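Worksheet for the structure shown next.
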Amino acid sequence: MMDAGRHPRIKVLVSSEVIDVSGAVGNFHVKVRRRARYVQQDLCNSCAECTKVCPVIIPDEYQMGLASRKAIYIPFPQAVPSAYLINPEDCLGNNPIACGKCLEVCEQKCIDFDMRDEILEVDVGAMIVATGMEAYDPTEITEYGYSRYDNVITSMEFERLICAGGPSAGHFVRPSDGERPRRIGFIQCVGSRSSRYGSPYCSNICCMNTVKDTLLLADHYPDTDAKVFYMDIRAFGKGFEDLYLRSRSSGVRYIRGIPGEIEEDPQTKNLRVRVENTLAGELEQHELDMVVLSVGVRPRLDSNTVQRLLTLSRTSDGFFLEAHPKLKPVDAPTRGIFLAGCCESPKDVKDSVTQAGAAASHVQVLLSAGRIRIDAGTPLLEEADCIRCGRCAAVCPFHAIHWQRGGVPEIIEAACSGCGCCAAECPVDALTMRHSTDEQLKAQIDAILDEHPEDKLLTFACNWCSYAGGDTAGTARLQFPVHGRLVRTMCSARVSEDLILYAFEKGAPLVLVSGCHFADCHYINANRQTVTRVERAWDRLEKLGIRPERLHLEWISAAEGQKFAEVMRVLDEPRAQVTAEEIAHTRKVLAEERKRREGRKEKMRAAARKKREAAADARAESSAGAAASVAGPAKS
C-alpha cells in the first residue's frame with residue numbers, strides 16, 4: 001500500500017466513496033465524496049501527542065475490539081497517508097468545540113475543525129471493482145456462545161492475538177484472564193455450508209487458514225494441544241495438502257464432526273465442547289481453554305450500492321457476476337468495468353493477486369487501443385415513429401438510453417450490450433435490433449411452423465443459458481422428444497408479447513419462453529422484464545379466450561442439460577393435448593387481434609406526430625411574435 005501511495009502515477013483517495021457514475025466505457029464520469037479528516041495530512045508528522053491528551057477511548061476496529069483507540073488516531077500501521085484523522089462520531093464535538101485538547105497540543109497546527117467533505121469529479125476510461133468481502137458475524141449461533149463467553153473468539157480475533165503487532169504485543173493470551181491457553185479447539189465452517197446460519201456455499205479460505213493457525217501454534221507454542229472439528233477439509237491448492245499433512249504430523253488432532261453446543265465453566269472460564277466424532281462413531285466431550293470459530297465470508301453489505309452505481313450483476317450468493325466464467329472471468333457485464341479479488345467470489349491471496357493482475361492487464365489493453373469495438377446488435381431508433389414515451393430507457397439494464405420527458409431517446413451504443421429489452425418494450429415498434437429484427441425472428445417462426453405446426457413446441461431460447469442448455473443436452477446424448485424447435489435470442493427479454501402472439505397465430509400449440517436464472521442474467525436484470533411480458537401475455541390470452549396454460553416460462557442455465565431435457569419431456573404431453581380445432585380458433589382470433597394491434601399502434605404514432613407538429617407550430621408562432629415585438633420599436 002505504501003508503494004502505491006508513493007507511485008507518481010497512482011493517486012490514492014482515502015476516506016472516500018463513489019457517489020455517482022455516468023457515461024460509458026472510455027468516458028466514465030465519476031463523482032467521489034472525500035470525507036473530512038479534520039487533520040491536514042500534508043502537515044501532520046505523526047508525533048502522536050494528540051492521542052495522549054484525547055479523553056475519548058473506544059474499541060479499536062483494526063484490533064477487532066480487543067484493544068482501544070482514541071477519537072484521533074491512525075487506522076492501522078503503515079496506513080497511507082501516515083497521518084492522523086478524527087472520527088467525528090467519536091469526538092466529543094467540533095461544532096461547537098467541546099474539548100479541543102488535541103488542537104492545543106498540536107505543534108504543527110494541522111488540526112482543522114472547519115474541514116468539510118469535498119466532492120471530486122474525475123473522468124476515467126475504465127474501472128476496477130475490488131471492494132472485497134466481510135467476515136461472518138457468528139453472534140446469531142447461540143449454541144457457540146460467541147459474545148457471551150470471553151474465550152470463544154473468531155479466526156480474525158485469533159489473528160490479532162497471535163500477531164506481534166496485536167493487542168497483546170505477540171503474547172498469545174486468552175481474553176478472560178490473560179493466561180496462555182494450552183488447549184485450543186477450532187470449529188470449521190461457521191457461517192458456511194449451512195442452510196440455517198450464514199451462507200450455503202463454501203468460503204474457500206477457512207480450512208487452510210485454520211491449518212496455518214495450527215502450524216503457527218506448533219512453531220511458537222509446541223506444548224499446545226490443538227484440536228480441529230471439521231466437516232470436510234478442503235486443501236485443494238498448490239502445496240495445501242502438504243501443509244495439512246504437516247499440521248497433522250505436528251500433533252494437531254482432526255476430529256470429523258461439528259460441535260452442537262459449547263458450555264462455559266463459570267469458575268475457570270474453560271469451555272466444554274460436545275461433538276459426535278463421525279469417524280469413530282462416538283459422542284465425545286472435550287474441555288478446552290479457548291475455542292476459535294473459523295468464520296466464513298460473505299459479500300459486503302454495501303454491495304447493493306456498488307451494483308446500482310456501476311450497473312453490475314450479482315449471483316444468487318450475492319457476489320458480483322463476471323461476464324463469462326471461462327472466457328471473461330474478470331470482465332463485468334458492463335463494458336469498461338472489471339472485477340478483482342473477493343468481490344467476485346471468496347478466494348485466497350494468491351488468486352486475488354492473479355485476478356487483480358488480469359484485471360489491470362485488461363484495462364491496459366482497453367486504454368491503449370485508442371478505439372473500442374461495440375456490439376453489432378445495438379438498437380436503431382426510427383425517430384419518425386417514436387412517441388417519446390421513455391419506456392425503452394426505463395427498462396434498459398445498462399442505462400444505455402438517455403431520455404428526458406418529451407424528448408427523443410438517445411442511445412449510447414458504447415454502453416449497450418444488445419440484449420434487445422428496449423425493442424421488446426417499445427409499444428410502436430420504433431426500435432429495431434440490428435441482426436435480430438422482428439422480421440428476422442418472425443421469419444424463423446414462419447419456417448418452423450410452415451409444415452405440421454401442431455407437432456412443434458416453439459421455444460424462445462436465451463443465447464447464453466437456455467440455448468446453451470439445449471446444446472449441453474444434445475452433446476450429452478440425453479433422450480427427450482424431438483418436437484422442440486428453438487428460436488435463439490440474445491436474451492429472453494428480447495421476446496415481446498407480439499412475438500409470442502405471432503407464434504400462436506402461426507399455429508404453435510405451445511410456446512416456451514426460456515432464459516437465465518434470475519440471479520445469473522448476463523444482462524444484469526433484463527430477465528425481470530421477461531416475467532412482466534409473459535404475465536401480460538398470459539392476461540392477453542385469457543381475455544381473448546385462449547388458454548394461458550399454452551404459454552410456459554422456464555429458467556435453464558447452460559449447464560442444466562438435464563433440466564432442458566426434462567422440460568422438453570414434461571411439455572410434450574400438453575402439446576399433444578392441443579386439438580386442431582383449438583389451434584384453428586386461436587389463429588382466427590389472433591389474426592383479428594393483430595389487425596387491432598396494428599391499428600392502435602398507428603393511432604399512437606399519428607397522435608404523437610400531431611402533438612409534435614402542434615408543438616413546432618407553437619414554437620414558430622412564439623418566435624415570430626418575439627421577432628415582431630423587437631422590430632416594432634425600431635421602425636417607430
Side-chain angles (χ1 to χ4, degrees), residues 59 61 63-66 133-162 167 172-214 216-217 224-234 252-279 282-298 301 346:
E61 299 88 348
Q63 300 290 3
M64 304 302 298
L66 299 172
M133 59 190 178
E134 293 182 352
Y136 170 71
D137 181 0
T139 304
E140 65 175 344
I141 308 180
T142 56
E143 301 94 313
Y144 291 164
Y146 179 74
S147 75
R148 286 190 293 118
Y149 304 151
D150 292 339
N151 295 324
V152 176
I153 64 174
T154 66
S155 50
M156 293 291 291
E157 291 166 345
F158 177 89
E159 294 287 344
R160 299 315 309 150
L161 285 172
I162 205 169
F172 185 53
V173 298
R174 65 181 196 166
S176 63
D177 52 17
E179 297 294 327
R180 182 168 75 83
R182 299 182 182 277
R183 297 169 299 177
I184 302 176
F186 294 84
I187 300 179
Q188 297 303 107
C189 299
V190 177
S192 299
R193 302 180 65 190
S194 171
S195 58
R196 186 179 176 192
Y197 296 118
S199 306
Y201 54 81
C202 174
S203 292
N204 192 313
I205 61 175
C206 315
C207 288
M208 294 313 300
N209 186 65
T210 294
V211 170
K212 180 204 70 173
D213 290 341
T214 59
L216 280 175
L217 289 173
T224 300
D225 179 18
K227 299 174 182 177
V228 178
F229 304 96
Y230 70 97
M231 187 185 309
D232 297 293
I233 294 296
R234 298 187 169 182
V252 178
R253 184 182 173 193
Y254 284 80
I255 301 170
R256 192 174 191 275
I258 299 297
E261 187 181 12
I262 297 176
E263 293 180 351
E264 182 187 65
D265 186 328
Q267 301 298 324
T268 63
K269 299 296 183 180
N270 289 343
L271 303 164
R272 287 189 293 270
V273 175
R274 293 187 179 89
V275 61
E276 180 186 2
N277 187 333
T278 59
L279 294 180
E282 298 177 352
L283 186 63
E284 301 176 353
Q285 179 170 300
H286 302 268
E287 186 166 347
L288 305 169
D289 299 329
M290 176 184 284
V291 170
V292 181
L293 304 180
S294 186
V295 294
V297 295
R298 62 182 184 182
L301 295 178

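Small disclaimer: the values here were computed from a predicted structure and weren't measured. Only this structure's heavy atoms are used, side chains among them; waters, hydrogens and symmetry mates stay out.
- In plain terms, the two heavy atoms of Met290 and Pro175 that are nearest each other are CE-CD, 3.8 Å.
- By the side-chain hydrogen bond (donor to acceptor under 3.5 Å, both in side chains) test, Glu263 is found to be paired with Arg274, residues two or more places apart in sequence or in another chain being considered.
- Put simply, OG1 on Thr139 and OH on Tyr197 are 12.0 Å apart, with the number rounded to the nearest 0.5 Å.
- Without hydrogens or angle criteria, Asn209 side chain to Ser294 main chain gives no donor-acceptor distance under 3.5 Å.
- Distance alone, capped at 3.5 Å, places no donor-acceptor pair between the Ser203 side chain and the Cys206 backbone.
- Interatomic distance, Leu288 CG to Arg174 CZ, rounded to the nearest 0.5 Å: 10.5 Å.
- Scanning all heavy atoms of the two residues, the minimum distance from Pro167 to Gln63 falls at CD-OE1, 3.2 Å.
- If you take CG on Leu161 and CZ on Arg180, they are separated by 13.5 Å, rounding to the nearest 0.5 Å.
- The closest side-chain heavy-atom distance from Pro138 to Thr154 is below 4.5 Å.
- Between Val275 and Leu283, the closest side-chain pair of non-hydrogen atoms is not below 4.5 Å.
- Listed for the Asn270 side chain is no donor-acceptor partner under 3.5 Å among the backbone atoms of Glu287.
- In this structure, a donor-acceptor pair under 3.5 Å is present between the side chains of Glu157 and Tyr146.
- Across every non-hydrogen atom of Thr210 and Gln188, the tightest pair is OG1-OE1, 2.7 Å.
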| said: Using the rule given for side-chain contact (heavy atoms from CB on, under 4.5 Å), can you reason through Asp225 versus Ile184, listing the C-alpha separation, both sets of side-chain angles and the distance that settles it, and then say yes or no? | reply: CA-CA 6 Å; Asp225 179 18; Ile184 302 176; over 6 Å; no

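- Between the CG atom in Leu293 and the OG atom in Ser155 there is a gap of 8.0 Å [rounded to 0.5 Å].
- With hydrogens and angles ignored, the 3.5 Å screen pairs a side-chain donor or acceptor of Thr214 with a backbone N or O of Val211.
- Taking both residues in full, the closest heavy atoms of Tyr136 and Val190 are given as CD2-O, 3.6 Å, listed atom of the first, atom of the second, then distance.
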| message | Let's go through Asp289 and Arg183 carefully: what are the C-alpha distance in whole Å and the side-chain angles of both, what is the deciding distance for salt bridge (Lys or Arg N to Asp or Glu O under 4.0 Å) to 0.1 Å, and is it a yes or a no? | response | CA-CA 5 Å; Asp289 299 329; Arg183 297 169 299 177; 2.9 Å; yes

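- The ring of Phe158 has its center closer than 6.0 angstrom to the ring center of Phe172.
- In this structure, the side chains of Phe229 and Phe186 stay at 4.5 Å or more apart for every pair of heavy atoms.
- Each of Arg253, Lys227, Arg272 was evaluated against Glu284; a single residue qualifies, Arg253, per the salt bridge (charged side-chain N to carboxylate O under 4.0 Å, His left out) test.
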| query | Does the pair Met231 and Thr278 meet the rule for a side-chain contact (heavy atoms from CB on, under 4.5 Å), with working shown? | reply | CA-CA 9 Å; Met231 187 185 309; Thr278 59; over 6 Å; no

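- The distance from the CG atom of Asn151 to the CD1 atom of Ile262 is 11.0 Å, given to the nearest 0.5 Å.
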| field | CA sep, side-chain torsions, deciding dist, call: Asp232, Arg256, salt bridge (Lys or Arg N to Asp or Glu O under 4.0 Å) | value | CA-CA 7 Å; Asp232 297 293; Arg256 192 174 191 275; 3.3 Å; yes

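- Note: Ser194 OG to Ile258 CD1 = 10.0 Å, rounded to the nearest 0.5 Å.
- Applying the side-chain hydrogen bond (donor to acceptor under 3.5 Å, both in side chains) rule to Tyr201 yields the partners Ser199; only residues at least two apart in sequence or on another chain are considered.
- Applying the salt bridge (Lys or Arg N to Asp or Glu O under 4.0 Å) test to every pair with at least one member in residues 137-154, sequence neighbours left out, gives these pairs: Glu143-Arg196.
- Closest approach of Lys269 to Ser176, counting heavy atoms only: CB-OG, 3.9 Å.
- For Met156, the CE atom is loosely surrounded, since the number of other residues' heavy atoms within 6.0 Å does not exceed 12.
- Nearest heavy atom pair, residue Tyr149 against residue Tyr144, reads CD1-O, 3.9 Å.
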| request: Go through Val291 and Val273 one step at a time and tell me if the side-chain contact (heavy atoms from CB on, under 4.5 Å) criterion holds. | output: CA-CA 9 Å; Val291 170; Val273 175; 4.0 Å; yes

| request: Please step through side-chain contact (heavy atoms from CB on, under 4.5 Å) for the pair Val228 and Ile255, ending with a clear verdict. | output: CA-CA 6 Å; Val228 178; Ile255 301 170; over 6 Å; no

